[in-house]
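Source: prediction; values computed, not measured.
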Amino acid sequence: MTSIKRLRSVIQSTAHHAASGLCYVHPHLGEKCKELGIRSIGVNLLKPGFDAELPSVTKELELSTNALREKFHELLVVEKIPASEIQSGYATFNFIRGSWPISCYIEVVTIEGKKEEVAVDSSGITAEVLRASS
């Protein structure tokens, strides 16, 4: 059974890394999104892929998103969470203008169906995740 406290640590650290200048996803992802008119895009943290399929992926974007996935997996190892316990994981970046995201939202679902999420703004400050009421 996955420790939610440890999983939360993984996704918090991943979100901070993904929004920082240390993550080489930027500006490559933002430039591609700007070119295609995409304002929000998810990066699969478990395997190569995007949520909003991109017609072509540059070598830099491929390498940088692979590095983000590797960082996520490294953090799982540090927290002693087997990758096999994760059903899905996405880092969603939001762009308003320019090639740097205004926020990064990470959602991870365990094989037990538990969902954990965290969001940070472009400065790495944790944001509250709000849901529209039904």
Locate the shortest heavy-atom distance separating [X] from [Y]; write the atom from each residue and the value.
X	Y	result
Leu36	Pro55	CD1-CD, 3.6 Å
Ala52	Ile41	O-CD1, 3.7 Å
Thr92	Ser40	CG2-OG, 3.4 Å

Distance (rounded to the nearest 0.5 Å) between [X] [atom1] and [Y] [atom2]:
X	Y	atom1	atom2	value
Asn94	Ser103	CG	OG	3.5 Å
Thr65	Glu70	OG1	CD	10.0 Å
Ile86	Glu112	CD1	CD	8.5 Å

Tell me whether [X] shares a hydrophobic cluster with [Y], the cluster being built from Ile, Leu, Val, Met, Phe, Trp, Tyr side chains joined at under 4.5 Å.
X	Y	value
Val118	Val43	yes
Ile111	Leu7	no
Val109	Ile106	no
Leu45	Tyr24	no
Ile38	Val57	yes

Between [X] (side chain only) and [Y] (backbone N and O only), is there a donor and an acceptor less than 3.5 Å apart?
X	Y	answer
Asn44	Pro48	no
Arg69	Lys47	yes
Lys115	Thr110	no
Arg8	Ser3	no

Checklist entry - Counting heavy atoms not belonging to Phe50, are there more than 12 under 6.0 Å from its CZ? => result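 Atom CZ in Phe50 is crowded, with more than 12 foreign heavy atoms closer than 6.0 Å.
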
Checklist entry - So does Glu35 pair up with Lys32, basic N to acidic O under 4.0 Å? => result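 Counted as a salt bridge, because a side-chain N and a carboxylate O are separated by less than 4.0 Å.
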
Next on the checklist: Does Glu31 form a side chain to side chain contact (heavy atoms under 4.5 Å, CB included) with Lys34? I'd like the steps, not just the answer.
Outcome noted: CA-CA 5 Å; Glu31 289 170 354; Lys34 186 175 179 181; 5.7 Å; no

Item to check | Steps toward side chain to side chain contact (heavy atoms under 4.5 Å, CB included) verdict (Leu54, Leu61) | outcome: CA-CA 11 Å; Leu54 300 176; Leu61 184 52; 3.9 Å; yes

Item to check | Test log, rule side chain to side chain contact (heavy atoms under 4.5 Å, CB included), inputs Leu68 and Cys23 | outcome: CA-CA 7 Å; Leu68 178 58; Cys23 182; 4.2 Å; yes

Item to check | Qualifying ring-ring contact (aromatic ring centres under 6.0 Å, His included) pairs with a residue from residues 63-105, counting only residues at least two apart or across chains | outcome: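 Residue pairs with at least one partner in residues 63-105: His26-Phe93, His26-Trp100.
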
Item to check | Stepwise side chain to side chain donor-acceptor pair (under 3.5 Å) test for Glu85 and Thr2 | outcome: CA-CA 7 Å; Glu85 290 188 17; Thr2 306; 2.4 Å; yes

List the atom pairs, donor and acceptor, that lie under 3.5 Å between side-chain atoms in residues 13-20 and the rest of the protein, sequence neighbours left out.
| residue | atom | partner | partner atom | Å |
| --- | --- | --- | --- | --- |
| Ser13 | OG | Ser9 | O | 3.1 |
| Thr14 | OG1 | Val10 | O | 2.7 |
| His16 | ND1 | Gly124 | O | 3.0 |
| His16 | NE2 | Gln12 | NE2 | 2.7 |
| Ser20 | OG | His17 | O | 2.8 |
| Ser20 | OG | Leu22 | N | 3.1 |

